[in-house]
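So the structure is just underneath, and the comments pick up after that.
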Amino acid sequence: QVQLVESGGGLVQAGGSLRLSCAASGRTFNSYAVGWFRQAPGKEREFVVGISYSGDNTYYADSVKGRFTISRDNAKSTVYLQMNSLKPEETAVYYCAANNRGYCPSYGCYANSYRYDYWGQGTQVTVSS
């Protein structure tokens, strides 16, 4: 089992940057794919970005390409999300999630929230205009 804890959220002005972290417990974290999702008030949860267990493959939602970067340090059991040029409409609770359901190198697999078995509690990101 894996437990996930997000951190790094906060208040930032439009155009600013934040780096979120997702720290995992468990010694087999390097066998888990990880995704970041976000949910704004009154809206459905949406996929942001995913990374394979090795870090070799990444999948970005079109809305964040070129501005967000996901990375992982398996030695530290941590996944990072660097967010640049943030927009007010990206205000949301950001969640990381993990699964080890096997090799599935496609955007569809990573964007499907039902494939993730473990979720963090979320971290609030607020972007002011």
Side-chain angles (χ1 to χ4, degrees):
Q1 192 166 353
V2 173
Q3 292 184 324
L4 305 173
V5 178
E6 302 97 333
S7 62
L11 174 64
V12 64
Q13 289 187 330
S17 299
L18 284 174
R19 188 175 84 152
L20 306 184
S21 298
C22 173
S25 64
R27 291 180 290 180
T28 60
F29 181 66
N30 59 5
S31 66
Y32 284 78
V34 173
W36 282 96
F37 293 77
R38 63 190 179 190
Q39 187 166 21
K43 295 187 177 181
E44 293 186 355
R45 187 174 297 182
E46 66 170 347
F47 172 74
V48 178
V49 59
I51 189 167
S52 63
Y53 65 93
S54 65
D56 289 343
N57 297 307
T58 56
Y59 304 87
Y60 291 87
D62 287 343
S63 59
V64 306
K65 281 181 181 177
R67 299 185 298 117
F68 288 16
T69 303
I70 191 171
S71 61
R72 68 189 296 162
D73 184 342
N74 283 336
K76 296 182 178 180
S77 296
T78 302
V79 171
Y80 304 98
L81 178 60
Q82 177 67 43
M83 306 186 296
N84 299 328
S85 302
L86 282 160
K87 305 174 182 179
E89 56 265 36
E90 294 180 309
T91 293
V93 177
Y94 283 69
Y95 300 90
C96 68
N99 80 79
N100 65 343
R101 295 195 178 203
Y103 187 62
C104 187
S106 73
Y107 180 91
C109 275
Y110 281 81
N112 182 358
S113 63
Y114 291 102
R115 284 185 55 86
Y116 293 87
D117 300 304
Y118 306 101
W119 291 80
Q121 83 290 347
T123 185
Q124 176 71 46
V125 171
T126 303
V127 185
S128 63
S129 58

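- Among residues two or more places apart in sequence or in another chain, the side-chain hydrogen bond (donor to acceptor under 3.5 Å, both in side chains) test is passed with D117 by R101.
- The side-chain hydrogen bond (donor to acceptor under 3.5 Å, both in side chains) check on S17 picks up N84, with sequence neighbours excluded.
- Atoms OG1 and CD1, on T58 and I70 in that order, are 7.5 Å from each other to the nearest 0.5 Å.
- Taking CG of N99 as the start and OG of S113 as the end, the distance is 11.0 Å to the nearest 0.5 Å.
- Minimum heavy-atom separation, T28 to Y32: O-CD1, 3.2 Å.
- Residues Y59 and P105 are in side-chain contact: their nearest non-hydrogen atoms beyond the backbone lie under 4.5 Å apart.
- Of all heavy-atom pairs between S21 and W36, the closest is O-CH2, 3.7 Å.
- The two residues L11 and S128 make their nearest non-hydrogen contact at CD1-CB, 4.3 Å.
- By the 4.5 Å heavy-atom criterion applied to side chains, Q124 and T91 are counted as neighbours.
- To the nearest 0.5 Å, the span separating OH on Y103 from OG on S54 amounts to 8.0 Å.
- Shown here for R38 and S63, the closest heavy-atom pair between the two residues is NH2-OG, 3.6 Å.
- A continuous path of hydrophobic side-chain contacts links V34 to L81 [ILVMFWY only; heavy atoms under 4.5 Å].
- The disulfide (SG to SG under 2.5 Å) pairs that include a residue from residues 98-129 are C104-C109, where partners are two or more places apart or lie in different chains.
- Not counting sequence neighbours, the partners of F47 by the ring-ring contact (aromatic ring centres under 6.0 Å, His included) test are F37, Y107.
- The minimum heavy-atom distance linking R67 with L86 is given by the pair NH1-CA, 4.1 Å.
- Applying the ring pair (Phe, Tyr, Trp, His ring centres under 6.0 Å) rule to pairs touching residues 65-94 yields nothing, sequence neighbours excluded.
- Put simply, NZ on K87 and OG on S129 are 14.0 Å apart, with the number rounded to the nearest 0.5 Å.
- Remark: side-chain polar atoms of Y116 are paired, donor with acceptor, to backbone N or O of Y110 under 3.5 angstrom.
- Hydrophobic clustering, with ILVMFWY side chains joined whenever heavy atoms are under 4.5 angstrom apart, keeps V64 apart from Y95.
- The backbone N or O of N30 lies less than 3.5 Å from no partner atom in the side chain of R72, so there is not a single donor-acceptor pair.
- Considering all non-hydrogen atoms of both residues, M83 and V125 come closest at CE-CG2, 3.9 Å.
- Side-chain atoms of N74 come within 3.5 Å of backbone atoms of Y53 as a donor-acceptor pair (strictly under, hydrogens ignored).
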Throw together a table of side-chain donor-acceptor distances under 3.5 angstrom for residues 2-9, partners on residues two or more places apart or in other chains.
residue	atom	partner	partner atom	Å
E6	OE1	Q121	N	3.0
E6	OE1	G122	N	2.8
E6	OE2	C96	N	2.9
E6	OE2	G122	N	3.3

